[in-house]
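Following: one structure in structure tokens, then a few remarks.
Below, read A as the first sequence line, B as the second, and so on, with proteins coming before strands; counting in each chain starts at 1. Keep in mind that this is a model prediction, so the values were computed, not measured.
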There are 2 protein chains.
Amino acid sequence: MATIYDVAARAGVSPKTVSRVINHCATVKEETRQRVLDAIRALDYHPNAVAKSLKQQKTFNIGYVIPYGSDFVFRDPAQLEQIKGANDVLAASDYNLILSVPKSGRDALREVDSLLKHKNVDGLILYAMAGVEPLAREFEAKGLKYVSLGKCYPEQKYNFVEVEAPSGGYLGTRFLLNLGHREIAFLGEAPQFLEPDKESMISGCIRAYQEAGLEFPAQGVLPGDYSVECGYYAVERLLAKQPAPTAIFCASDPMAWGVLRALRERGLVPGKDIDVLGGDDLPLTQSLEPGLSAIHSKLYELGSLGAGILLECLRMEDEAAREIPGRYLQSELVVRQSTNGPTRDRA
Amino acid sequence: MATIYDVAARAGVSPKTVSRVINHCATVKEETRQRVLDAIRALDYHPNAVAKSLKQQKTFNIGYVIPYGSDFVFRDPAQLEQIKGANDVLAASDYNLILSVPKSGRDALREVDSLLKHKNVDGLILYAMAGVEPLAREFEAKGLKYVSLGKCYPEQKYNFVEVEAPSGGYLGTRFLLNLGHREIAFLGEAPQFLEPDKESMISGCIRAYQEAGLEFPAQGVLPGDYSVECGYYAVERLLAKQPAPTAIFCASDPMAWGVLRALRERGLVPGKDIDVLGGDDLPLTQSLEPGLSAIHSKLYELGSLGAGILLECLRMEDEAAREIPGRYLQSELVVRQSTNGPTRDRA
DNA sequence: TTGAAAGCGTTACCAG
DNA sequence: CTGGTAACGCTTTCAA
């Protein structure tokens, strides 16, 4: 492998001049520049990234840490939308994406250590979920630049991007109430996935009821784990409620898919016999026919914005970079065929 | 940040001795070893991976290259199973996983360049699909260690792991024929996804027909792009065939999901009115109720075995490492509720 | 506009 | 069993 010295020798200049040419920086006489470029081509020279890293104390690697086990990550389409967002931004930059997902959630700390301690990342994207606070605190203590997807602890003010779950719940519930629904069943988030004190989608649902002057049916809420199965198996219990729900609002799309399937099997047609509203509006949902109405959570943007902010951090000088105010992403309602209001003649 | 010199100074030894302790290699007197360990702890010292890389000409990074655009990758559960397999193996090793997925398929070469040329990976996992041959040839020319998931070109003998598609097609078709089906519709692979000359699932289906002494209904084959939509929209054309198919065999699970949905909407119950067989047996399929029968393709193993082979390569001496014979993964049939044979009284 | 030489933090050859 | 010292390949201060 040719080094910068080989190039310098062949071009009859010093390594420094070659370096200047490579980094298109300084003013190099056009003629020498050409000579150097020729030598580079002739030797098929490519600068060694590792050496450059050592010198510049910069690796051009960014770690994307999801401290929750690979089952959770690779089989959840919502996770993948976030990763995709970050990937696309980083692919357009000079940075590499090091994906750090422990096989099991219990190995999380060890994984992160290997990235941090050995300092072969310049910054981190950290997926936030219950239990992540110690990690975030460690990053802060060590002065490591990071941005979290979701808040890592309630008081976090900086360096995060978060989908505002309550506002999604509010939007969806208001919509269903306006359609005339009075018996809505909710398949919400499981407490163990939420940061303590994090406001859930449900709190937004409650607000919508209050605004409408109605009492929120707390007994109509079931916790869910975001999965298809969970939605599928929840239907029996949801339908058992008295009075029977005329609509089901799910905190995630996969749960809604499971609900749709279970309803069909019971001969109930979504959007006709009973309304269903999803909570992510994932690409797969968008390609389903007939369409599932959903709260569109900007998951792709969560990832891309997070990566963008981190890159910005890395460009800034150290001190200021620590404190980029957190950003909230608002959800939007996408109405498709699964929500048409309660069936009058069925009530 | 403390360096090895700081530790050496504090422990009153030379950097070399510290190095020895860190790498648990040489024989260091227990007492000095303890002194060094104390110093390491006291200074919160962590070896710098970049410096180590430079010295050892080894980065401990492995690139996972999918030269096909992030839409394709992050929204295809089958891709993700493969990545998960590789991730889990690498997570248990000392290597980091650098995920290299261009935003658009057209940027593929540029992406790979940045990894290769700057040599900050020790090896590559390359996902093979139509058009990947030049990349593989380049790796070989440069002596870069890689393993491909799928063959990159027909004559490839070494360094690949492949799911044997024809044998899956054979298994599934034989099963359906044995159930008594005579009118089977196939939703196969799209030619643009296949390496030229690669045997498709369909060739295995044909073999099953031949063995049964039946003629393969070539007009019953539709190409698919593996997606849910594709399956959903194909149903109309599949059902239009004369005589009407009693079973639909899909080359991928997502296509089968789309088919199931479209059938339900037409009031046809899978496994009763018409049989459906999927081609991947993805985790999501496994969690569906009632179950979709499917050819279980070992996608997770594809990724994990690929990563395992690459790690093995990296441990070997250069010359020999280039030629690890390719491995084929056999699929298995998983029978669930969607395949029960043709309905006699409907024929 | 260009170059000599030091240094980034390791590892490793060769002495002691 | 341990230590001086030269690499690894690049950047960069300072001087010419």
Have a look at B/T32 and say if it touches a base, only the backbone sugar-phosphate, or nothing, with a 4.0 Å heavy-atom cut-off. sugar-phosphate
Of B/G12 and B/Q56, whose nearest nucleotide on DNA chain D comes first from the 5' end? B/G12
Flag the pair A/R33 and A/E30 as a salt bridge only when some basic side-chain nitrogen lies within less than 4.0 angstrom of an acidic carboxylate oxygen. yes
Test: A/D38 and A/R10 ion pair at under 4.0 Å: no
Got a sec? Which of residues 3-10 of chain B come in under 4.0 Å of DNA chain C, heavy atoms? B/T3, B/I4, B/Y5
Less than 4.0 angstrom between a side-chain N/O of A/S19 and OP1 or OP2 of D/dT11, yes or no? yes
Under 4.5 Å between any side-chain heavy atoms of B/Y45 and B/I22, yes or no? yes
So, is B/N48 close to the C/dC8 phosphate, meaning a side-chain N or O under 4.0 Å from OP1 or OP2? no
Axis-to-axis angle across the helix from C/dT1-D/dA16 to C/dG16-D/dC1, five pairs an end, to 10 degrees? 30°
Measure from CG on A/N23 to P on D/dG9 and round the result to the nearest Å. 18 Å
Nearest-Å distance, NZ (A/K55) to C1' (C/dA5)? 11 Å
Whole-Å distance separating the CZ atom of A/R20 from the C1' atom of C/dT1: 7 Å
Protein-nucleotide distance (A/K58, atom NZ; D/dT12, atom P), rounded to Å: 12 Å
Report yes if the side chains of A/I83 and B/F74 come closer than 4.5 Å at any heavy-atom pair, otherwise no. yes
Residue pairs meeting ring-ring contact (aromatic ring centres under 6.0 Å, His included), one or both in residues 4-23 of chain A, sequence neighbours left out, come to none
Could you tell me whether A/R327 atom CZ has more than 12 heavy atoms of other residues or ligands within 6.0 Å of it? no
Mapping B/V13 and A/P15 to their closest nucleotides on DNA chain D, which lands nearer the 5' end? B/V13
It should be established whether A/Q57 places a side-chain nitrogen or oxygen under 4.0 Å from OP1 or OP2 of nucleotide D/dT11. no
Spacing between A/K52 atom NZ and D/dC10 atom P, to the nearest angstrom: 10 Å
Tell me: CZ of A/R33 to C1' of C/dT2, nearest whole Å? 16 Å
Counting only side-chain N and O atoms of B/T17, is one of them less than 4.0 Å from OP1 or OP2 of D/dG3? yes
Geometric class of the A/Y95/A/F60 ring pair [parallel <30°, tilted 30-60°, perpendicular >60°]: tilted
Can you tell me how far C1' of C/dG9 sits from CD1 of B/I40, to the nearest Å? 14 Å
A/L54 has a side chain; which of C/dA12, C/dC8, C/dT10 sits nearest to it? C/dC8
Taking the side chain as every heavy atom from C-beta outward, state whether A/L97 and B/V101 have any pair of such atoms under 4.5 Å apart. no
Do B/K16 and C/dA12 have a side chain to base donor-acceptor pair shorter than 3.5 Å? yes
Which of the following nucleotides, C/dT2, C/dT10, C/dC8, is nearest to the side chain of B/A51? C/dT10
Output yes when a side-chain donor or acceptor of A/S19 lies under 3.5 Å from a complementary backbone atom of A/P15, and no otherwise. no
Distance, rounded to the nearest Å, where B/E30 contributes CD and D/dT2 contributes P: 11 Å
Is B/D94 salt-bridged to B/K58, cutoff N-O under 4.0 Å? no
